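Worksheet: the structure to be examined is printed underneath.
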Number of protein chains: 2
Amino acid sequence: MNIGEIAKRAGVSRSTVSYALSGKRAVSDHTREKIQRVIDDLGYRPNASARALANGRTNTIGLVFPPAGDHYTGMQLDFIGSVVEAAAAHDYDVLLSPSGVDSDRSFQRLLGERRVDGAILMEIRLQDDRVDHLLAENFPAVCIGRTAQPESDWWVGLDHTALAAACVHHLADLGHRRIAFVNRPERLLRAGYESAHRGLDGFTKAAAERGLTVRTYTCGDDAPSGQACLERILYDDPATTALVTLNEAALGGLYRGLAHAGRHVPRDFSVTGVVAARWAETVTPQLTAADMPAAQMGRLAVELLVERLDHPDAPPRHHLLAPPISLRASTGPAGTAAPATPGSDLNA
Amino acid sequence: MNIGEIAKRAGVSRSTVSYALSGKRAVSDHTREKIQRVIDDLGYRPNASARALANGRTNTIGLVFPPAGDHYTGMQLDFIGSVVEAAAAHDYDVLLSPSGVDSDRSFQRLLGERRVDGAILMEIRLQDDRVDHLLAENFPAVCIGRTAQPESDWWVGLDHTALAAACVHHLADLGHRRIAFVNRPERLLRAGYESAHRGLDGFTKAAAERGLTVRTYTCGDDAPSGQACLERILYDDPATTALVTLNEAALGGLYRGLAHAGRHVPRDFSVTGVVAARWAETVTPQLTAADMPAAQMGRLAVELLVERLDHPDAPPRHHLLAPPISLRASTGPAGTAAPATPGSDLNA
DNA sequence: AGGGATCAGCGAACCGGTTCGACGAAGGAG
DNA sequence: CTCCTTCGTCGAACCGGTTCGCTGATCCCT
């Protein structure tokens, strides 16, 4: 069931079979049909390893998965799904690589052993060895997110700075003066995750601009952490009337914390942030948020990568997305119901 | 940077380098160290395609992903993560295959082109061509879920029948007499998805056993569908006091529907079902549910597959899991608060 | 009718590993 | 001092494709 067998049964040479399949040289109609018949009869499919070895392309792209042991968020799932789908449309398979604890043994395998033609990296850090390494080797890769030096690279990113700022302005416009920021886990912030950093920056600057009183928190990627974080927020400053979060996985916990504290959303407390639409819709009241376009990002990343693979010398390209805030039901005017300490919220 | 280059620089033959790396024949310490030095200097890694071609193993397993265009649930995400992780521990990579709309073009590619040594299939149907096909070819595969003829196959599954029944008994013990069942989408039920069918069976039989009045529904895999479904449940029978769901993605919508209808959980209405623990914890009140052990299932599936790959003639093995119900906060005694129609719930 | 394109198909080399059989050197037994 | 193992290494064949260069046949043009 290899190409030689097909050739023998069709009464032609192996090369003719190869050309009939690839179309890279002319083959007479008569011969092609004869070959095709044999192939259909035997259900022959060319061996991927042999083909990859011969022409140096695996038709596979690597998707570098978030660190193992972490909690995965819904956004990541949408993202993986869209990458797989888009890749399939371009006739690529997707190989998953956990960018695991021992840094990147598996990552090195993908590249060093030439298992993939190119790679898509998630969870980018502002200073990212993996990215530096790939850039140095000019390995075809596309990042989901930007490092601190984004111009020379290929990526599709979210303008976290602008999104966090937009959330702040939205709340400020509603009259909120004391708001909290719920970031990704401390560990990720320390590690330099770009979304955590840029989001924090955008939040802080916009808040300063509007003269707001703010507190910023880090929070584990799960519901219990979200609940604990919210308790801490209200403990630190009971006059807080709103929060902005980047932490999708903690959202349910934040809501529960509010419910337990007796704060009704959005009457007593407003919540907003950057969250995939599908997840914003699962909470009650539905979250007013900048909808993270995970599926679109996955598709764009694959398209950039395919383009880069087809044109190895093309100049870097990228997409910076900044989806608008979708108004749902979790924000409202800063109410009189909030037990604000009078005077202290006029110090702007 | 291939094995010949290493051999030349180390002053040995290509085969000696190969043996030094694989350890399949003795190589003198002196020679091995010399070769290792050259390899370290050049950062050489053997080409995966060449190796796969030569020894017929790709060291890759295929993970057949749920149909494209569908909504992915949290359970699937945990599952994928754990498969990737467990596979990495056994030195396997994971190739994703969307078992897409055009049935299984990509699936055929994986197998026919020998891209993978084995496969893990998700979203099994009671009658599943893919499984039949793999069984006929004796292709090493492990299913997440059972077909109608499970004994001859390798799988790890959840005892949906028992789990749904346990939910019913839990509710019946609390005094609920009129309960609803919220299944996966109609399309999946029609297609013969095993979880949807076995869950429904278990629910129906247990309800009959306890003499309960029940209604069963199908529901889209998203929050808005969940909300709509709940409205319909209360419209069809306002005296309903509890529901059981297999539909993780609709959970948020079900809760919202209850909130809008003014039914307090668990005082006026109890909710339970089969849901991954992490997602059961995101809703408020936290869901009392049979915790779907997604991560464990992923790990077990990989272990079965690795075992099958190592022992091609081993007899079929499988694991049937039936996690207990975790008591959280979403169920309570059938209250007097529920507007039950007197008499009609005594008809057992 | 002769000469240069064009077309179809063939054979061989190559991609980068693995593995088998052979062979020389060293070591041990008789 | 032979003879037989064992050890370490080498060369060659092989896995299953792709691709290059060549050859014969056909065709067109003058």
Side-chain angles (χ1 to χ4, degrees), chain A residues 1-39 42-60 91 93 108-117, chain B residues 1-39 42-60 91 93 108-117:
Chain A
M1 49 205 82
N2 57 28
I3 201 173
E5 190 66 19
I6 303 295
K8 197 188 300 173
R9 303 210 188 191
V12 298
S13 73
R14 301 198 307 150
S15 50
T16 300
V17 176
S18 178
Y19 286 125
L21 283 168
S22 70
K24 294 195 179 170
R25 276 197 194 176
V27 172
S28 72
D29 290 353
H30 174 67
T31 309
R32 191 194 354 271
E33 284 159 18
K34 200 168 49 182
I35 292 171
Q36 193 57 53
R37 256 195 305 280
V38 176
I39 286 178
L42 274 67
Y44 163 78
R45 314 221 59 179
N47 179 300
S49 302
R51 189 196 295 241
L53 176 58
N55 66 15
R57 301 204 43 172
T58 60
N59 262 270
T60 302
D91 268 311
D93 283 325
Q108 297 294 0
R109 257 180 44 170
L110 285 204
L111 309 196
E113 303 184 1
R114 313 225 103 80
R115 268 172 211 271
V116 299
D117 296 334
Chain B
M1 45 201 90
N2 56 27
I3 202 174
E5 189 67 18
I6 303 296
K8 197 187 302 173
R9 303 209 189 192
V12 298
S13 73
R14 301 199 304 149
S15 50
T16 301
V17 176
S18 178
Y19 287 125
L21 284 168
S22 69
K24 295 193 179 171
R25 276 199 193 176
V27 172
S28 72
D29 289 353
H30 174 68
T31 308
R32 190 192 358 270
E33 283 160 19
K34 200 166 51 180
I35 291 172
Q36 194 56 53
R37 255 195 305 279
V38 176
I39 287 179
L42 274 66
Y44 163 79
R45 317 221 57 181
N47 180 300
S49 303
R51 187 196 299 238
L53 176 59
N55 65 14
R57 301 207 38 174
T58 59
N59 262 270
T60 302
D91 268 312
D93 283 324
Q108 297 294 0
R109 257 179 46 171
L110 285 204
L111 308 197
E113 303 184 0
R114 317 224 102 80
R115 269 170 210 271
V116 299
D117 296 335

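Quick caveat, the model's predicted, so the values are computed rather than measured. Sequence lines set the chain letters: A, B, ... in the order given, protein chains first and strands last, and positions in each chain run from 1.
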From [options], pick the nucleotide closest to the side chain of [X]?
X: B:Y44; options: D:dT9, C:dG17, D:dG16; answer: C:dG17
X: B:R14; options: C:dG16, C:dA13, C:dG17; answer: C:dG17
X: B:A26; options: D:dC10, D:dG8, D:dG16; answer: D:dG8
X: A:S28; options: C:dG9, D:dG11, D:dG17; answer: C:dG9

Item to check | First of A:G4 and B:T31 reached from the 5' end of DNA chain D, by closest nucleotide | outcome: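 Nearest nucleotide further toward 5': that of B:T31.
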
Is [X] near enough to [N] that one of its side-chain N or O atoms lies under 4.0 angstrom from OP1 or OP2?
X: A:S18; N: D:dT18; answer: yes
X: A:K24; N: D:dT19; answer: yes
X: B:Y19; N: D:dC7; answer: no
X: A:S13; N: C:dC10; answer: yes

Rounded to the Å, how far apart are [X] [atom1] and [N] [atom2]?
X: B:N2; N: C:dC14; atom1: CG; atom2: P; answer: 13 Å
X: B:L21; N: C:dG17; atom1: CG; atom2: C1'; answer: 11 Å
X: A:E113; N: C:dC15; atom1: CD; atom2: C1'; answer: 17 Å
X: B:L53; N: C:dC15; atom1: CG; atom2: C1'; answer: 9 Å
X: B:R51; N: C:dG16; atom1: CZ; atom2: P; answer: 14 Å
X: A:N59; N: D:dG17; atom1: CG; atom2: P; answer: 15 Å
X: A:N47; N: D:dG16; atom1: CG; atom2: P; answer: 7 Å
X: B:H30; N: C:dA26; atom1: NE2; atom2: C1'; answer: 17 Å

Checklist entry - Atom OG1 in A:T16, atom CZ in A:R32: separation rounded to 0.5 Å? => result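 Interatomic distance, A:T16 OG1 to A:R32 CZ, rounded to 0.5 Å: 12.0 Å.
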
Checklist entry - Are B:E33 and B:R37 within salt-bridge range, i.e. N to O under 4.0 Å? => result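 Here B:E33 does not pair with B:R37 in a salt bridge, since their nearest N and O are not under 4.0 Å apart.
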
Item to check | Positive for side chain to side chain contact (heavy atoms under 4.5 Å, CB included) with B:D93, one of B:N59, B:T60, B:V116 | outcome: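 So, applying the side chain to side chain contact (heavy atoms under 4.5 Å, CB included) to B:D93 and each of B:N59, B:T60, B:V116, only B:T60 qualifies.
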
Item to check | Touch class at under 4.0 angstrom, heavy-atom based, for B:S15 against every strand present | outcome: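 Since a base atom lies under 4.0 Å of B:S15, the category is base.
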
Checklist entry - Taking N and O atoms by type only, does the side chain of B:R25 place a donor or acceptor under 3.5 Å from a partner on the base of D:dG8? => result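 Answer is no: no donor-acceptor pair is held.
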
Next on the checklist: I'd like to know if the side chain of A:S18 pairs up with that of A:S15 as donor and acceptor (distance under 3.5 Å, no hydrogens or angles considered).
Outcome noted: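 Looking only at side-chain atoms, A:S15 and A:S18 do not form any donor-acceptor pair under 3.5 Å.
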
Next on the checklist: I'd like to know if the side chain of B:D117 and the backbone of B:R57 have a donor-acceptor N/O pair within less than 3.5 Å.
Outcome noted: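 Answer holds: no.
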
